Amino acid sequence: PPDSQPSGAHPVPWVGTVASGTPEWWGSIGRKGNGVGELDTPNAVAVGPDGTVYVADAGNNRISVFSRAGRTTGVLGQAGKRTGELVFPGGITVGSDGTVIVADAGNDRVQAFLPDGSVGAILHITKSSVGALSVPRALVIARDGRLTVADSRNHRVVTLGSDGTTIAAVGRRGRSLGEFNTPKGVAVAPDGTLLIADSANHRVQRLTPDGTVVRAWGQRGTKRGEFQNPEAVAVAEDGSVWVADTGNDRIQGFEPDGEARWIWGRRGRGVGEVDSPTGIVIDAAGAFVIADANNHRIHRVAPDEVRVPS
């Protein structure tokens with residue numbers, strides 16, 4: 001059982017940089033439900049190297065899988081606490097070998113599913129460990145294979161080495177630079193810095209891998225450059241930063257220095273509308289794949305539709 005696993009080193013099957021592929025569909029997939037191809041409060045989304053789309057289908061306690069063409073191909077996991085089972089998965093990323101790594105938020109752990117669907121590793125760090133997780137909500141793989149996790153209820157960011165050991169645990173609860181309040185999103189920039197969606201502080205922080213703050217931007221509000229509980233962040237190849245501004249029902253785009261440039265979306269159920277977006281990833285074609293939580297669907301939006309100056 002998971003709770004018998006020791007803290008420290010664990011077998012870690014993923015390798016290197018995330019290699020996002022290119023789905024072939026546009027528009028939206030999914031609707032509310034627990035059947036095939038249905039979703040319940042999707043929390044996060046990731047794209048595999050072959051263009052497969054993986055959804056942290058939180059309300060259904062599973063990972064829903066859609067082919068490159070947008071057709072459902074099955075699920076990973078089911079509700080529970082045992083190996084391969086999930087409780088309210090909060091984040092997801094995919095290694096360049098196709099391994100799917102899940103922030104199993106309700107079980108306070110990270111699980112890795114191999115390309116054949118089997119469980120390759122469980123990072124279940126004991127409560128006495130410096131890297132013990134409490135409601136992990138997002139994760140990202142760096143080029144060197146390190147895994148960084150937004151450890152939301154501990155108000156910090158934890159980085160695990162390629163052998164599963166804890167390299168660093170950065171932050172504590174607070175409002176000063178380098179402190180967090182319920183971080184829910186994490187991404188890695190081309191220069192190796194980390195972008196953190198510091199949700200309850202209504203801001204984004206950029207940190208070096210060792211935890212030094214480079215800059216921070218945002219405050220609570222509805223104007224351009226302001227946030228209401230942002231829950232996800234992604235970085236494009238040009239270094240631009242894209243934030244799921246969850247409480248404001250929109251996606252905001254920023255220059256690498258934090259200058260607000262783009263806004264996409266508004267509250268609603270129609271085309272170009274969202275209700276509490278909680279996940280965002282940019283695929284190999286530069287398109288935006290967005291988890292639209294309260295509409296129980298996933299969008300794929302062309303770059304020229306999103307990159308419209310506000």
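Nothing here was measured: the structure is a model prediction, and the numbers come from that model.
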If you measure from [atom1] on [X] to [atom2] on [Y], what distance do you get to the nearest 0.5 Å?
X: Thr208; Y: Asp191; atom1: OG1; atom2: CG; value: 10.0 Å
X: Glu226; Y: His202; atom1: CD; atom2: NE2; value: 11.0 Å
X: Thr83; Y: Arg109; atom1: OG1; atom2: CZ; value: 6.5 Å
X: Thr193; Y: Leu207; atom1: OG1; atom2: CG; value: 8.5 Å
X: Asp245; Y: Arg224; atom1: CG; atom2: CZ; value: 13.5 Å

With no hydrogens and no angle check, do the side chains of [X] and [Y] hold a donor and an acceptor under 3.5 Å apart?
X: Arg137; Y: Ser199; result: no
X: Thr159; Y: Arg146; result: no
X: Gln228; Y: Arg220; result: yes
X: Ser152; Y: Thr182; result: no

Looking at every non-hydrogen atom in both residues, tell me the closest pair between [X] and [Y] and how far apart they are.
X: Glu179; Y: Arg203; result: O-NH2, 2.9 Å
X: Gly279; Y: Ala232; result: CA-CB, 3.7 Å
X: Ala197; Y: Val233; result: N-CG1, 4.2 Å
X: Ala56; Y: Pro89; result: CB-O, 3.7 Å
X: Asn295; Y: Gly268; result: ND2-O, 2.8 Å
X: Gly95; Y: Pro49; result: O-CD, 3.9 Å

With sequence neighbours left out, what residues match [X] under side-chain contact (heavy atoms from CB on, under 4.5 Å)?
X: Val36; answer: Thr72
X: Ser276; answer: Thr246, Asp249, Asn294
X: Thr52; answer: Asp50, Tyr54, Val65
X: Arg175; answer: Asn201

Does the [X] side chain pair with the main chain of [Y], one donor and one acceptor, at a distance under 3.5 Å?
X: Asp198; Y: Val204; answer: no
X: Arg153; Y: Asp108; answer: no
X: Asn248; Y: Arg250; answer: no
X: Asn181; Y: Arg173; answer: no
X: Asp283; Y: Val289; answer: no
X: Gln205; Y: Leu177; answer: no
X: Asp238; Y: Ser240; answer: yes
X: Glu231; Y: Ala44; answer: no
X: Asn43; Y: Ala138; answer: no
X: Asn61; Y: Gln78; answer: no

Step by step, work out the side chain to side chain contact (heavy atoms under 4.5 Å, CB included) result for Arg206 and Leu194.
CA-CA 6 Å; Arg206 182 189 291 271; Leu194 297 170; over 6 Å; no
Is there side-chain contact between [X] and [Y], with at least one heavy-atom pair below 4.5 Å?
X: Pro115; Y: Asp97; value: no
X: Phe254; Y: Leu195; value: no
X: Asp151; Y: Ser134; value: yes
X: Val170; Y: Arg156; value: no

Under 6.0 Å from the CZ atom of Arg307, do we count more than 12 heavy atoms belonging to anything else shown?
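Correct, the count exceeds 12.
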Are [Y] and [X] linked, directly or through intermediate hydrophobic residues, by side-chain heavy-atom contacts shorter than 4.5 Å (ILVMFWY only)?
X: Ile196; Y: Val213; answer: yes
X: Val87; Y: Ile122; answer: no
X: Val243; Y: Val235; answer: yes
X: Ile92; Y: Leu86; answer: yes
X: Val281; Y: Phe66; answer: yes

Quiz: residues 22-34 side-chain donor-acceptor pairs under 3.5 angstrom, not counting sequence neighbours:
from: Ser28; atom 1: OG; to: His299; atom 2: ND1; distance (Å): 2.8
from: Arg31; atom 1: NE; to: Glu38; atom 2: OE2; distance (Å): 3.1
from: Arg31; atom 1: NH2; to: Glu38; atom 2: OE2; distance (Å): 3.4

Would you mind listing the cluster partners of Ile251? Hydrophobic ones only (ILVMFWY), side-chain contacts under 4.5 Å, chaining allowed.
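Via sub-4.5 Å side-chain contacts, Ile251 links to Trp242, Trp262, Trp264, Val274, Ile280, Ile282, Phe288, Ile290, Val301, Val306.
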So, applying salt bridge (charged side-chain N to carboxylate O under 4.0 Å, His left out) with Asp292, which one of Arg297, Arg269, Arg300 is it?
Arg297
State which residue, out of Leu147, Val149, Val140, fulfils the side chain to side chain contact (heavy atoms under 4.5 Å, CB included) condition with Ile101.
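With Ile101 as partner, side chain to side chain contact (heavy atoms under 4.5 Å, CB included) holds for just one option, Leu147.
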Sort out for me which residue in Leu39, Ile63, Leu76 forms a side chain to side chain contact (heavy atoms under 4.5 Å, CB included) with Asp57.
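Only match with Asp57 under side chain to side chain contact (heavy atoms under 4.5 Å, CB included): Leu39.
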